[in-house]
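What follows is a set of notes on a single structure, which appears directly below.
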Protein chains: 2
Amino acid sequence: MTDITRRRSDKKREAIIQAATQAFQEFGVNGTSMDKLAELANVSKRTVYNHFSTKEYLVMHLIKEQWQSALVDINAEYKSDSPLNEQLEELVFQEVSFMCSDSHLELARVAIGHFFYKPEKLKDEVTQLKAQESSLHRWLKKAEADNRLTFEDIEQVVNEIDSLIKGQSFWPQLFKIEDNLSDDDKWRITRNIVAMVLSRYEC
Amino acid sequence: MTDITRRRSDKKREAIIQAATQAFQEFGVNGTSMDKLAELANVSKRTVYNHFSTKEYLVMHLIKEQWQSALVDINAEYKSDSPLNEQLEELVFQEVSFMCSDSHLELARVAIGHFFYKPEKLKDEVTQLKAQESSLHRWLKKAEADNRLTFEDIEQVVNEIDSLIKGQSFWPQLFKIEDNLSDDDKWRITRNIVAMVLSRYEC
DNA sequence: TGAAAAGTAAACTGTTCAGTGTAATATGTG
DNA sequence: CACATATTACACTGAACAGTTTACTTTTCA
């Protein structure tokens, strides 16, 4: 198989993925027939099936692919010589931005539409997502060890911060109840969250 | 039409509603065929259609019916001679209990399953739900007028509290990621939320 | 008891849709 | 050119499913 052949094939494949990504978000997996999809991708239905043997494979491929591209490493080293609010704002802003990013929302929409009535499967996938959230975890631990924050249950704190982030930058956007956030919005939300957290847990 | 006739008819109707409620939660609206439903209700398919002329009518009936039964009036009068934390805890506890009640979760599951890819319709329904949330609103306003709380944007505060409540007593339960909450859990969550809010906004 | 109301079983219609089979065509390689 | 690989058009299968029709039975009640 040569480069050029592969290139044509890859273009078709790309078109399928492109169309599927968009259609699944807009109409849902169930609302998108393979015929419709092929038409949107400007590709014959048979070609779709040559690349993805079943609809389920296509869906799973998309979810995993988008997961990869959505997974931006959020990292913020704890610094004992820098103000807490600045550091935490930096971290929370990254989380807020990630949560309301198109790539993450799109992924969440497809995944939820696909898994909503398959809670066992959903649980597995969510477990993976949780790995993502350990950066905040680590930062809080170090700040506590450094005697600048005090709390009893770190899981509780992470939960609270997570709730504040998602409640303002994820759930409303997921259901298209609220518009996308501007950078100003994100910073405003971030500052309020940090102010709240520090007023409660700062020593 | 006499009482007894109505009684047989009503029993059938009740069985249909009962079966639909359960099946829609478990398998989703799309995952529940009218044949399956009739079988689960121990009723002929035709009888289902005699009571509900289309599947859509049945779905909407259920959503509205459950909405009614779920809508417990949450009320807490602001009292200037009573500690803020006690009052707010009472109020937040009511909201937490409502959010993670079976009736509310069931409603949310059916509604989200039904509306997930119809954002326009969803928006309408959510607007109605928001009326529910004005009790917290009123309480906060009075506490501020009484100079015991200070904040700039009340919407912001309501949003934050709402996020904290739902992030711990609604979303995880909705997706069956977390088990139902015990009363102890609810109080623990409530106390933490109130402590956080007051540490930030109490004068 | 007999008429009206409600329910039942089962076959049927029409549509949507995932997935397949096939024969023809296009594209690129050696 | 000859060969291999991809793509296409399109007809087809088989299943699921919303909603209907029909011929028949049960329940209620005047």
Side-chain angles (χ1 to χ4, degrees), chain A residues 1-24 26-63 110 113-118, chain B residues 1-63 110 113-118 121:
Chain A
M1 202 183 300
T2 69
D3 278 1
I4 298 174
T5 306
R6 196 179 306 131
R7 220 170 279 146
R8 180 175 67 146
S9 190
D10 282 356
K11 270 187 181 170
K12 295 290 178 182
R13 191 187 176 86
E14 209 37 60
I16 294 166
I17 290 172
Q18 182 56 38
T21 304
Q22 218 213 301
F24 285 172
E26 189 163 353
F27 312 113
V29 174
N30 280 336
T32 307
S33 71
M34 295 298 261
D35 289 273
K36 197 172 166 185
L37 179 61
E39 202 192 320
L40 288 171
N42 267 311
V43 139
S44 81
K45 186 181 176 180
R46 209 60 184 75
T47 298
V48 177
Y49 277 100
N50 284 341
H51 283 279
F52 301 97
S53 61
T54 67
K55 196 181 186 183
E56 179 75 13
Y57 277 138
L58 174 56
V59 172
M60 293 310 279
H61 175 87
L62 284 183
I63 290 180
V110 175
H114 191 63
F115 287 126
F116 196 64
Y117 290 107
K118 301 168 187 169
Chain B
M1 201 181 300
T2 69
D3 278 1
I4 297 174
T5 306
R6 199 180 303 131
R7 219 170 280 146
R8 179 174 70 150
S9 191
D10 283 355
K11 268 187 183 172
K12 295 291 178 180
R13 191 186 178 86
E14 209 35 62
I16 293 166
I17 290 173
Q18 182 55 39
T21 304
Q22 218 213 302
F24 286 171
Q25 283 164 50
E26 189 165 351
F27 312 114
V29 174
N30 281 336
T32 307
S33 71
M34 294 298 263
D35 289 274
K36 197 172 165 185
L37 178 62
E39 203 192 320
L40 287 171
N42 268 311
V43 141
S44 81
K45 187 180 177 181
R46 203 58 186 81
T47 298
V48 177
Y49 278 100
N50 283 341
H51 283 279
F52 302 97
S53 62
T54 67
K55 195 181 185 181
E56 179 74 14
Y57 277 139
L58 174 56
V59 172
M60 293 310 280
H61 175 88
L62 284 184
I63 290 179
V110 175
H114 191 63
F115 288 126
F116 196 63
Y117 291 107
K118 302 168 187 167
K121 284 194 181 180

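Order of the sequence lines sets the chain letters (A, B, ...), proteins ahead of strands, with each chain counted from 1. Quick caveat: nothing in here was measured; it's all calculated off a predicted structure.
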For this session: Report the nucleotide, chosen from D/dA18, C/dT8, D/dT8, that has the shortest atom-to-atom distance to any side-chain atom of B/Thr47.
Result: C/dT8
Exercise. Is there a donor on the side chain of A/Lys55 or the base of C/dG19 sitting less than 3.5 Å from an acceptor on the other?
Worked result: no
Exercise. Choosing from C/dT8, C/dG19, D/dT7, which nucleotide comes nearest the side chain of A/Asn50?
Worked result: D/dT7
Exercise. Within the structure, does a side-chain N or O atom of A/Lys12 lie under 4.0 Å from either OP1 or OP2 of D/dT7?
Worked result: no
For this session: Taking all non-hydrogen atoms of both residues into account, name the closest pair between B/Ile16 and B/Phe52 and its distance.
Result: CG2-CE1, 3.9 Å
Exercise. Given atom CD of B/Glu39 and atom P of C/dA9, what is their separation to the nearest angstrom?
Worked result: 11 Å
For this session: Select from B/Tyr49 and B/Arg46 the residue whose nearest nucleotide in DNA chain D is closer to the 5' end of that strand.
Result: B/Tyr49
Exercise. Do other residues, nucleotides or ligands put more than 12 heavy atoms under 6.0 Å from the CD atom of B/Glu39?
Worked result: no
For this session: Calculate the interatomic distance between B/Asn30 atom CG and D/dA18 atom P; express it in whole Å.
Result: 9 Å
For this session: Name the closest nucleotide to the B/His51 side chain, picking from C/dT8, C/dG19, C/dG7.
Result: C/dG7
Exercise. Once you round it to whole Å, what is the distance between C1' of D/dA18 and CZ of B/Phe52?
Worked result: 16 Å
For this session: Measure the distance from NZ on B/Lys36 to C1' on D/dA18 and round it to the nearest whole Å.
Result: 15 Å
For this session: Record whether the side chain of A/Arg8 comes under 3.5 Å of the base of C/dG28 through a donor-acceptor pair of N or O atoms.
Result: no
Seminar exercise, completed: What one should report as the nearest heavy-atom pair of B/Thr32 and B/Ala23 is OG1-O, 3.4 Å
Exercise. How close or far is atom P of C/dA11 from atom CG of B/Asp35, stated in whole angstroms?
Worked result: 13 Å
Exercise. Just how far, in rounded Å, is C1' of D/dC12 from NZ of A/Lys45?
Worked result: 10 Å
Problem set entry | Nearest-angstrom distance from the residue atom CG of A/Asp10 to C1' of D/dA6 | 12 Å
Problem set entry | Spacing of A/Asn42 atom CG relative to D/dT8 atom P, expressed in whole Å | 9 Å
Seminar exercise, completed: Separation between NZ (A/Lys36) and OG (A/Ser33), nearest 0.5 Å, reads 6.5 Å
